[in-house]
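Just so it is clear, the structure is predicted and the values come from calculations on it, not from any experiment.
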Amino acid sequence: DKAFANEWKTYVEFYETYRLYLREQYPAQGQGDLNYFKVFTERNLALLRTDAHLGILIPSGIQTDKECKLLREKILYHHTLTEIASFENRGYDIQEQEVTRSIKFFEEVDNRFKFSILFLANTPPQEKHHFSARFYMRSPEELLHTPKITYEVEQIQCFSPDNLSLMECASDYDYNICVAIRGNHRLLGEQGYVFHREFHMTDDAWLFGTKKKNVPLYEGKMIHQFTTQFAEPRYFLDNTAARNELIRAEMSRMRKALPDLSKEQIQHTVERLQNGELNMECDFPRLVYRAVASSTNERTLIAAIVPGQVFMGHSLNYVERIQYSLSSDGHVEQHILADTSMWYLCALLNSLTLNYYIRNKVSANITMHFMYELPLPHNISEAQRHTIAQKAQALQEAKDRLLVKRTKTTLGYNESIIRERAELEVMIARDLYGLSKEQWQHITSTFVYGEGMTRIELDAIIASSLEMWL
């Protein structure tokens with residue numbers, strides 16, 4: 001229908017023009033899709049006269065989302081933020097005529113959503129500026145009486161230098177523990193680690209089949225901490241078709257690393273990848289973490305080393321193992337991340353220390369930029385690094401062996417595994433991050449979610465770690 005096609009074209013052109021107009025009028029919207037709450041916030045800031053005050057209720061993404069970074073810069077650097085009060089929409093109980101009824105702030109809004117009330121003034125912030133904050137409140141009573149935490153803008157810059165995302169701490173004590181974990185450590189993104197994803201579960205679904213003779217596709221639900229045997233694969237991919245798709249991604253990364261490659265060099269490199277002379281990421285064992293997670297999961301950060309010669313869905317992000325350079329004769333060369341570095345990082349990511357730390361950042365998913373902001377001890381001896389890597393590898397090998405033989409009543413651990421895991425936890429928390437036993441007791445007391453076999457395992461790890469802490 002020609003008339004319908006013309007109307008549709010006009011409709012699409014209007015929204016494209018409108019989008020460009022909003023981008024031009026509101027330059028602090030950042031990347032990604034436009035969101036009206038961001039436009040609304042920026043408009044309110046623009047309308048505010050000098051020395052005037054603003055109180056605004058908006059989604060809590062203003063505190064953490066990467067797309068809100070430019071707005072956070074405006075609020076933190078060009079205004080005087082006085083308070084953030086953040087609350088969940090999970091509901092609270094009220095008593096009515098001896099009947100308990102649960103209600104939410106916003107009945108028609110999903111209970112997983114969080115909102116924030118911001119109070120600020122249109123005055124330049126003072127040096128060493130700080131503000132009050134409260135998070136995870138659920139009722140009007142909590143909004144009135146929850147103790148406030150003092151946040152320093154300088155410390156926010158330390159937590160998140162590139163994104164300025166706020167740590168959402170439950171108390172002053174939690175805030176101070178996070179400051180201690182952050183310390184002077186370099187962030188993960190500053191140490192050369194790079195994350196990628198592989199196949200998209202919708203866009204690449206045409207590749208997925210169920211013939212078990214093909215190559216398994218690993219998904220987030222298949223791994224747990226230090227094991228890749230947590231569930232069976234659902235899908236299998238034809239090796240040739242899948243590798244051909246991945247060659248394009250590999251070449252894209254290579255061209256970013258080596259932008260001056262000639263057409264002949266590019267073609268020659270593609271041929272070397274196709275004939276196996278050069279490796280691809282999928283040829284190696286890779287460190288992965290579950291991208292879908294929340295701060296209220298039993299464990300938020302879950303990592304393991306998947307074997308080589310497998311593929312992955314987008315619920316897993318993996319650490320890049322291959323880096324590229326040009327040889328003196330103009331050939332592309334590959335440099336492979338050492339196994340020790342991979343296992344060392346796996347141990348840190350699975351630690352309860354970093355699980356606790358990242359819980360104060362994330363809501364529903366662990367994006368790569370949250371991962372890049374994790375503090376990693378780097379000034380440690382090679383002997384320490386090697387010991388931690390060895391323990392992590394031994395743990396995964398033991399857990400994988402045990403889970404391969406599992407039944408419906410088999411736990412994915414034994415006393416030896418619990419003891420080794422607890423020893424690793426203490427080594428990381430005490431020796432690498434310099435935490436005290438009192439801080440460790442508080443950290444472990446916050447792991448209150450979960451049930452079943454993995455919860456039993458976690459309780460045993462915590463109890464054992466507290467016993468062996470000197």
Side-chain angles (χ1 to χ4, degrees), residues 14-49 52-92 103-122 125 131-140 142-143 146 151 153 156 159-160 162-169 292 294-296 360-370 373:
F14 166 78
Y15 276 101
E16 178 61 20
T17 302
Y18 185 46
R19 184 185 68 82
L20 293 174
Y21 167 79
L22 290 177
R23 290 283 187 192
E24 183 179 331
Q25 293 296 310
Y26 303 102
Q29 294 304 294
Q31 298 178 342
D33 295 334
L34 283 168
N35 191 309
Y36 277 123
F37 94 81
K38 294 193 298 177
V39 175
F40 182 69
T41 303
E42 188 171 354
R43 181 60 175 162
N44 272 267
L45 294 175
L47 290 172
L48 203 60
R49 67 173 174 80
H53 292 257
L54 172 67
I56 186 171
L57 170 65
I58 49 178
S60 66
I62 190 69
Q63 294 145 205
T64 56
D65 290 357
K66 184 179 181 181
E67 294 76 17
C68 292
K69 176 192 173 182
L70 295 179
L71 280 175
R72 284 194 292 274
E73 286 182 350
K74 271 183 170 291
I75 292 169
L76 294 173
Y77 296 154
H78 302 286
H79 297 76
T80 297
L81 178 63
T82 55
E83 184 178 348
I84 293 178
S86 179
F87 58 92
E88 301 177 293
N89 198 43
R90 292 181 180 275
Y92 56 95
I103 62 173
K104 299 190 296 184
F105 282 105
F106 304 107
E107 287 293 339
E108 302 303 317
V109 178
D110 190 280
N111 63 5
R112 293 170 295 180
F113 275 78
K114 296 192 297 182
F115 297 88
S116 293
I117 305 170
L118 272 62
F119 299 97
L120 57 88
N122 190 14
F131 59 91
S132 299
R134 295 171 293 165
F135 302 101
Y136 303 113
M137 295 177 289
R138 294 189 180 183
S139 71
E142 289 178 335
L143 281 170
T146 298
Y151 273 65
V153 172
I156 293 172
F159 283 139
S160 180
D162 293 329
N163 194 43
L164 293 177
S165 65
L166 273 64
M167 302 285 283
E168 298 181 348
C169 300
V292 180
S294 83
S295 58
T296 55
N360 292 284
K361 280 179 170 283
V362 305
S363 295
N365 293 299
I366 305 180
T367 62
M368 293 179 191
H369 77 265
F370 284 137
E373 291 178 347

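For the residue pair Gly61 and Phe37, the shortest heavy atom distance occurs at C-CZ, 4.4 Å. Summarising the geometry of Pro125 relative to Leu76, their closest heavy-atom pair is CG-O, 3.7 Å, with the distance given to 0.1 Å. Minimum interatomic distance between Gln63 and Phe135 (heavy atoms only, all atoms of both residues): NE2-CE2, 3.6 Å. Scanning both residues, Asn111 and Arg90, for their nearest heavy atoms gives O-CG, 3.4 Å. Between Tyr92 and Pro140, the shortest heavy-atom contact is CZ-CD, 3.4 Å. In this structure, Lys104 and Val109 approach most closely via the heavy-atom pair NZ-O, 2.7 Å.
Between Tyr21 and Tyr18, the ring-plane angle classifies as parallel under the 30° and 60° cut-offs.
Rounding to the nearest 0.5 angstrom, the gap separating the SG atom in Cys169 from the CZ atom in Arg134 is 15.0 Å. Once rounded to the nearest 0.5 Å, the distance linking OG of Ser60 with CD1 of Ile117 reads 12.0 Å. Going from atom CG of Asn360 over to atom CG of Leu166 covers 11.5 Å, rounded to the nearest 0.5 Å. Distance CG/Asn163 to CD/Glu73: 9.5 Å, rounded to 0.5 Å. Atoms OG1 and CG, on Thr367 and Asp65 in that order, are 8.5 Å from each other to the nearest 0.5 Å. Note: Phe119 CZ to Ile56 CD1 = 11.0 Å, rounded to the nearest 0.5 Å.
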Derivation of the salt bridge (Lys or Arg N to Asp or Glu O under 4.0 Å) call for Arg19 and Glu16
CA-CA 5 Å; Arg19 184 185 68 82; Glu16 178 61 20; 2.6 Å; yes

Check the pair Asn89 / Asp110 against side chain to side chain contact (heavy atoms under 4.5 Å, CB included), numbers first and verdict last.
CA-CA 7 Å; Asn89 198 43; Asp110 190 280; over 6 Å; no

Apply side chain to side chain contact (heavy atoms under 4.5 Å, CB included) to Tyr77 and Leu164, showing your working.
CA-CA 11 Å; Tyr77 296 154; Leu164 293 177; 3.4 Å; yes

Kindly indicate, with the supporting measurements, whether the criterion side chain to side chain contact (heavy atoms under 4.5 Å, CB included) is fulfilled by Gln25 and Arg43.
CA-CA 9 Å; Gln25 293 296 310; Arg43 181 60 175 162; over 6 Å; no

Candidate pair Arg49 and Asn122, rule side chain to side chain contact (heavy atoms under 4.5 Å, CB included), full reasoning
CA-CA 7 Å; Arg49 67 173 174 80; Asn122 190 14; 5.6 Å; no

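The residue from Asn44, Ile75, Leu54 that alone fulfils the side-chain contact (heavy atoms from CB on, under 4.5 Å) condition with Leu118 is Ile75.
Residues Lys38 and Leu71 form a side-chain contact, since some pair of their non-hydrogen atoms from C-beta on lies under 4.5 Å apart. Using a 4.5 Å cut-off on side-chain heavy atoms (C-beta onward), Leu45 and His79 make contact. Residues Asp33 and Glu67 form no side-chain contact, since every pair of their non-hydrogen atoms from C-beta on lies 4.5 Å or further apart. Annotation: side chain of Lys114 is in contact with side chain of Glu168 (closest heavy-atom distance under 4.5 Å). Residues Phe370 and Asn365 fail the side-chain proximity criterion, which asks for heavy atoms closer than 4.5 Å.
For an aromatic pair to be called close, the ring centres must be under 6.0 Å apart, and Phe105 with Phe115 fails this. Taking the six-membered ring for Trp, Phe159 and Tyr151 have ring centres at least 6.0 Å apart.
Within 6.0 Å of the NZ atom in Lys74, the count of heavy atoms belonging to other residues, nucleotides or ligands does not exceed 12. Counting heavy-atom neighbours within 6.0 Å of Phe106 CZ, excluding the residue itself, gives a total above 12. Within 6.0 Å of atom CZ in Phe113, 12 or fewer heavy atoms from other residues, nucleotides or ligands are found, so the atom counts as exposed in its surroundings.
Of the charged side-chain nitrogens involved, at least one lies within less than 4.0 Å of a carboxylate oxygen, so that Glu373 and Lys361 count as a salt-bridged pair.
Distance alone, capped at 3.5 Å, places no donor-acceptor pair between the Arg138 side chain and the Leu143 backbone.
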